[in-house]
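Worksheet: the structure to be examined is printed underneath.
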There are 2 protein chains.
Amino acid sequence: MKVAEPTVERLVQYRRLLDRMDRDKVQVISSKEIGDMLGFKASQVRKDLSYFGEIGKRGVGYNVDRLLKHVSDILSPPRKWNVGLVGVGRLGEALLDHKAFLSDKYEIVALFDVSDEKVGETFFGRPCFHVDDMPEKLEEMDIEILILTVPKDAAQRCVDAGTEKGQIKGVLNFSPSSVVAPPGLIVYSVDISVELEKLLFYLKHEGTKSI
Amino acid sequence: MKVAEPTVERLVQYRRLLDRMDRDKVQVISSKEIGDMLGFKASQVRKDLSYFGEIGKRGVGYNVDRLLKHVSDILSPPRKWNVGLVGVGRLGEALLDHKAFLSDKYEIVALFDVSDEKVGETFFGRPCFHVDDMPEKLEEMDIEILILTVPKDAAQRCVDAGTEKGQIKGVLNFSPSSVVAPPGLIVYSVDISVELEKLLFYLKHEGTKSI
DNA sequence: AGGTGTGAAATCGTTCACAGCC
DNA sequence: GGCTGTGAACGATTTCACACCT
């Protein structure tokens with residue numbers, strides 16, 4: 001089945017909301033309630049959820065517990081992924097410590113940096129290796145995903161090193177630069193300054209855009 | 001004029017590229033070259049640039065210096081904005097130190113936190129106040145933009161405090177939660193874990209998506 | 001009555017294809 | 001010949017509207 005990217009993004013948010021509702025012992029929820037809480041139209045919510053089968057009850061709504069399991073199943077990867085984080089600077093450390101990166105679906109198992117002060121050390125329980133050793137270490141540790149928190153000039157080199165032996169399947173790039181990826185490699189970029197620039201643009205052209 | 005969000009996002013990237021080209025003394029560049037370097041189609045680049053007038057030369061390409069000025073003018077806000085950063089944790093500090101946040105268009109002028117250890121201190125030259133004092137401080141310091149690097153449960157409260165006296169116009173939210181914003185307030189959310197989840201989803205459904 | 005599921009319509013964004021200029 | 005500017009075609013995503021179930 002093919003699912004559009006905006007749908008996946010919303011599914012992640014549905015799960016987060018449902019998880020909270022479930023903990024709060026809410027039993028039933030309607031598409032309108034979900035939409036209001038997350039800022040989407042009810043029809044959007046219903047369309048997203050109906051892609052994966054009829055899960056709600058007409059005239060009633062969705063059973064929170066059941067829907068949560070359903071959405072989780074859709075999103076959950078079939079196995080756990082090993083992740084490598086490249087660039088142990090402030091941003092890298094912040095991500096290491098980020099609650100979002102506590103999951104049973106992925107785990108940051110190794111760090112990479114170029115600084116002699118960092119290589120050989122351990123940060124938040126993860127060993128740091130030299131970037132030059134990436135190809136071997138990635139293979140050895142079965143790492144298939146890279147998170148890049150490196151300066152912009154280093155990003156492309158990291159992608160190249162990660163794909164050298166072909167083992168890296170996905171990259172989450174936090175550096176302020178575009179990278180060219182070989183076909184098959186999935187790259188997501190989160191460009192912090194671009195987000196702020198967009199915000200400024202729409203502030204200038206006041207009130208044209210909201211989320 | 002109304003400009004689509006994906007266009008703004010690309011414009012920011014054009015400017016970044018043109019800036020580098022200009023420093024490298026490149027004089028002329030074609031839409032194809034720009035596209036290849038950033039991963040867009042040439043026709044996309046031309047369409048984006050043509051929204052703001054005819055700036056290229058047919059048969060030749062774009063004058064880098066001229067195009068850079070042009071794109072900068074489109075993106076530049078009319079004046080400098082004062083920004084407040086809420087939540088001086090690891091992520092907050094990483095952003096404070098982030099080169100992307102060095103600009104003549106905006107400046108982080110104040111920090112807010114709830115921790116007694118942080119309130120009253122100075123971080124990277126910026127004073128930290130208590131979140132409870134936000135409404136007054138924001139007004140006093142003429143802050144119109146908030147960056148939120150707070151835990152998810154605090155995000156909504158920060159937006160509410162920021163809009164209490166109506167002075168906040170834009171919010172860049174890094175916390176893993178959706179916030180409901182009053183109309184007129186522009187909210188951009190950068191949800192780090194959502195990005196990773198999307199990546200995992202497409203890794204699972206292998207090779208359906210890129211960038 | 002109330003709320004889901006879903007084709008059809010509308011909107012939004014990208015790509016094509018070609019006329020026009022250098 | 002090469003490259004821009006742009007209407008028109010296409011593709012993707014959202015919203016509408018209503019049949020259908022409880």
Side-chain angles (χ1 to χ4, degrees), chain A residues 1-14 18 21 26-68 70-71 74 198 201-202 205 208-211, chain B residues 1-14 18 21 26-68 70-71 74 198 201-202 205 208-211:
Chain A
M1 191 194 320
K2 96 175 251 302
V3 191
E5 190 186 327
T7 301
V8 179
E9 182 148 349
R10 287 188 298 267
L11 283 171
V12 177
Q13 297 183 57
Y14 298 152
L18 290 166
M21 292 292 122
V26 178
Q27 309 255 319
V28 171
I29 197 166
S30 72
S31 58
K32 173 141 200 327
E33 289 170 313
I34 296 176
D36 286 348
M37 279 186 277
L38 296 176
F40 310 130
K41 288 237 152 69
S43 57
Q44 179 77 82
V45 175
R46 291 204 301 279
K47 176 132 290 194
D48 287 339
L49 296 178
S50 71
Y51 277 131
F52 308 93
E54 301 201 8
I55 197 77
K57 277 203 182 17
R58 294 170 192 229
V60 180
Y62 300 90
N63 177 303
V64 172
D65 177 64
R66 198 162 112 80
L67 185 56
L68 173 58
H70 197 240
V71 175
I74 296 162
K198 285 197 287 184
F201 181 85
Y202 284 111
H205 302 261
T208 324
K209 177 78 196 131
S210 194
I211 282 269
Chain B
M1 191 194 319
K2 98 177 250 302
V3 191
E5 192 187 324
T7 300
V8 180
E9 183 151 346
R10 286 188 298 266
L11 284 171
V12 177
Q13 298 183 57
Y14 298 152
L18 290 165
M21 292 292 122
V26 177
Q27 309 253 319
V28 171
I29 196 167
S30 72
S31 58
K32 174 140 197 332
E33 288 170 314
I34 296 176
D36 285 349
M37 279 186 277
L38 296 176
F40 310 131
K41 287 237 150 70
S43 57
Q44 179 77 81
V45 175
R46 291 202 303 278
K47 177 134 287 195
D48 287 338
L49 296 177
S50 71
Y51 278 132
F52 308 93
E54 302 200 10
I55 197 76
K57 280 204 181 17
R58 293 168 193 232
V60 180
Y62 300 90
N63 177 302
V64 172
D65 178 65
R66 198 161 113 80
L67 185 56
L68 173 59
H70 197 240
V71 175
I74 296 162
K198 285 197 287 183
F201 181 85
Y202 284 111
H205 301 261
T208 325
K209 180 74 196 135
S210 193
I211 289 267

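We name chains A, B, ... by the order of the sequence lines, and we start the count at 1 in each one.
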Can you tell if the side chain of [X] reaches within under 4.5 Å of the side chain of [Y], non-hydrogen atoms only?
X       : Y        : value
A:Ile74 : B:Phe201 : yes
B:Ser43 : B:Lys47  : no
B:Val71 : B:Ile55  : no

Grab the [atom1]-[atom2] distance between [X] and [N] for me, whole Å please.
X       : N      : atom1 : atom2 : value
B:Lys41 : C:dT14 : NZ    : P     : 12 Å
B:Arg66 : D:dT4  : CZ    : C1'   : 13 Å
B:Lys32 : C:dT15 : NZ    : P     : 14 Å
B:Glu5  : C:dT14 : CD    : C1'   : 16 Å
A:Glu33 : C:dG3  : CD    : C1'   : 11 Å
B:Gln44 : D:dA9  : CD    : C1'   : 15 Å
A:Glu9  : D:dT13 : CD    : P     : 12 Å
B:Glu54 : C:dC21 : CD    : C1'   : 10 Å

Looking at every non-hydrogen atom in both residues, tell me the closest pair between B:Val3 and A:Tyr202 and how far apart they are.
O-OH, 2.8 Å
Shortest non-hydrogen separation from B:Asn63 to B:Arg66 and the atoms involved
OD1-N, 2.9 Å
Does [X] put a side-chain nitrogen or oxygen below 4.0 Å from OP1 or OP2 of [N]?
X       : N     : result
A:Tyr51 : C:dT4 : no
B:Arg58 : D:dG1 : no
A:Tyr62 : C:dG5 : yes
A:Ser31 : C:dT4 : yes

Using a 4.0 Å heavy-atom cut-off, does B:Lys47 contact any base of the nucleic acid, only the sugar-phosphate backbone, or nothing at all?
base
How is A:Ile55 classified with respect to the nucleic acid when contacts are heavy atoms under 4.0 Å: base, sugar-phosphate, or nothing?
sugar-phosphate
If you find the nucleotide of DNA chain D closest to A:Arg46 and the one closest to A:Arg10, which residue's nucleotide is nearer the 5' end?
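Of the two residues, A:Arg10 wins.
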Most 5' of A:Thr7 and A:Gly59 on DNA chain D, judged by nearest nucleotide
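Nearest nucleotide further toward 5': that of A:Thr7.
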What's the closest nucleotide to the side chain of B:Ser30 if the choices are C:dG13, D:dC3, C:dA17?
D:dC3
